[in-house]
Amino acid sequence: MVVQEGCMFTGRRKSRVPRQGESYLLEIEGIPVEVVRKQVKNLNLRVCPPAGEVRISVPHTTDEQAIRSFVAAKLDWIHRSRNKIAQRPQTPRLQMVTGERHNVLGESYPLVVIDHAGDNRVCLENRALCLYVCERSDLTDRTRVLDSWYRQQLMAHIGKLLQKWEPRLGVRVARFGVRKMKTRWGSCNVVARRIWLNLELAKRPLAILEYVLVHELMHLHERRHNARFYGLMDQFLPDWRVRRGEIDRALHV
């Protein structure tokens, strides 16, 4: 992900603004920009792969003109970032056919599609990822079955990691889940104590999953990415920067 560091911007405030957490689109200088109002101090601008979508998170009191002015001042950076993303080699879309390589927790396995009259299922057998589906299954069917299996595997690993980290950090999650996310690996609703993690993490090494989970759990102690937050990360997960570097290189969602 290409990220523009958060910058302070002082602009005129309106008394009537969209509520916190609202996401909506603005067209600024011909570029669609997704605006997300969050409990943050700064305006944070991102250009996200694979299509170069532009996303900005802003304090919930920031008015639209301030947002437009901030983005307009960053147009050169936005265009450079989008060009870099466009020049990256594109990963071919998987077709869910025998012989393709699929990742499970950072390990690559050949996919073997097996015609099967019973219930759909997925398993690792003889160093292969075996997908048991009916003969008439198509790409959508096979993707749904495999994603369901990935979700089950990820939920099991998250549960084990929570047993390890909740007592260490002195926090308790009310609910956790897995969903597909385009631009983030995880999210934490501090008020509800609810954590969501990206389904794509089922394909990444367990160390990356652990880093993302600890990162989100740490927000239960500190909402913002400030000195206290990173100090706590240093204390409890000293190699978090190494793990973050690995996940940044792997981010294609």
Side-chain angles (χ1 to χ4, degrees), residues 1-3 23 34 36 44 46-55 57 81 84-86 88-97 100-111 113 120-124 128-131 133 139-162 165 173 175-189 194-219 225 233 237 239-253:
M1 177 182 293
V2 184
V3 179
S23 174
E34 181 186 4
V36 182
N44 299 282
R46 296 174 175 84
V47 178
C48 305
E53 298 95 340
V54 181
R55 183 173 186 267
S57 56
S81 299
K84 288 180 181 179
I85 291 173
R88 293 179 183 177
Q90 296 298 310
T91 303
R93 184 181 179 186
L94 295 172
Q95 299 300 311
M96 296 295 173
V97 295
E100 284 183 338
R101 305 294 298 192
H102 290 252
N103 290 339
V104 179
L105 292 179
E107 296 289 332
S108 177
Y109 297 89
L111 181 68
V113 180
N120 298 327
R121 63 187 179 92
V122 179
C123 62
L124 292 172
L129 183 63
C130 298
L131 177 61
V133 289
L139 173 62
T140 301
D141 298 327
R142 296 176 184 185
T143 300
R144 183 170 56 250
V145 172
L146 187 56
D147 282 352
S148 177
W149 182 80
Y150 273 133
R151 182 173 280 102
Q152 293 171 7
Q153 301 301 305
L154 195 54
M155 289 290 286
H157 285 291
I158 295 170
K160 293 177 182 178
L161 287 171
L162 283 174
W165 282 102
V173 174
R175 181 186 174 194
F176 68 92
V178 174
R179 60 171 52 157
K180 290 187 176 182
M181 301 181 184
K182 290 184 178 181
T183 60
R184 293 187 293 176
W185 288 107
S187 66
C188 177
N189 183 317
R194 180 176 64 244
I195 286 176
W196 291 102
L197 296 182
N198 193 326
L199 179 63
E200 193 73 9
L201 285 167
K203 305 174 186 179
R204 311 300 180 187
L206 193 59
I208 288 181
L209 170 61
E210 185 172 40
Y211 158 69
V212 175
L213 180 62
V214 172
H215 180 110
E216 300 306 334
L217 287 172
M218 206 64 74
H219 280 303
H225 294 122
M233 290 295 294
L237 196 68
D239 68 340
W240 68 268
R241 289 179 177 83
V242 175
R243 302 193 196 201
R244 184 180 66 178
E246 293 174 357
I247 198 173
D248 286 345
R249 287 190 294 273
L251 183 57
H252 296 292
V253 296

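In this text, all values refer to a predicted model and were calculated from it rather than measured experimentally. FYI, the numbering just counts along the sequence from 1.
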* Structure fact -> Contacts of Arg241 meeting side chain to side chain contact (heavy atoms under 4.5 Å, CB included) (sequence neighbours excluded), chain-then-number -> Asp234
* Structure fact -> Output for pair (Leu105 CG, Gln153 CD), nearest 0.5 Å, gives 7.5 Å
* Asked: Side-chain contact, heavy-atom cut-off 4.5 Å: Glu210 with Arg243?
  -> yes
* Is Leu201 close to Val178 at the side-chain level, that is, under 4.5 Å between some pair of heavy atoms? -> no
* Asked: Any side-chain heavy atom of Leu129 within less than 4.5 Å of one from Leu146?
  -> yes
* Classify the angle between the aromatic ring planes of His215 and His225 as parallel (below 30°), tilted (30 to 60°) or perpendicular (above 60°). => tilted
* Asked: Which atoms form the tightest heavy-atom contact between Ala128 and Tyr109, and what is the distance?
  -> N-CD2, 4.1 Å
* By side chain to side chain contact (heavy atoms under 4.5 Å, CB included), which residues pair with Arg194, not counting sequence neighbours? -> Arg175, Asn189, Ala192, Trp196
* Asked: Any donor and acceptor pair, going by atom type alone, linking the side chain of Glu100 with main-chain N or O of Gln95 inside 3.5 Å?
  -> yes
* **Residue list, ring pair (Phe, Tyr, Trp, His ring centres under 6.0 Å) with His102, at least two apart or on another chain** => none
* Asked: With side chains defined as the heavy atoms from C-beta onward, is the minimum distance between Val214 and Met233 less than 4.5 Å?
  -> yes
* Any donor-acceptor pair under 3.5 Å linking the side chain of Trp185 with the backbone of Val212? -> no
* Arg204 side chain reached by Leu209 side chain, heavy atoms, under 4.5 Å -> no
* **Glu53 side chain reached by Arg46 side chain, heavy atoms, under 4.5 Å** => no
* Is the shortest heavy-atom distance from the side chain of Trp165 to the side chain of Leu237 under 4.5 Å? -> yes
* Structure fact -> Of all heavy-atom pairs linking Pro110 and Arg101, the shortest is CD-NH1, 3.5 Å
* To do: Find out whether Thr143 and Asp141 are in side-chain contact, i.e. whether some heavy atom of one side chain is under 4.5 Å from a heavy atom of the other.
  => no
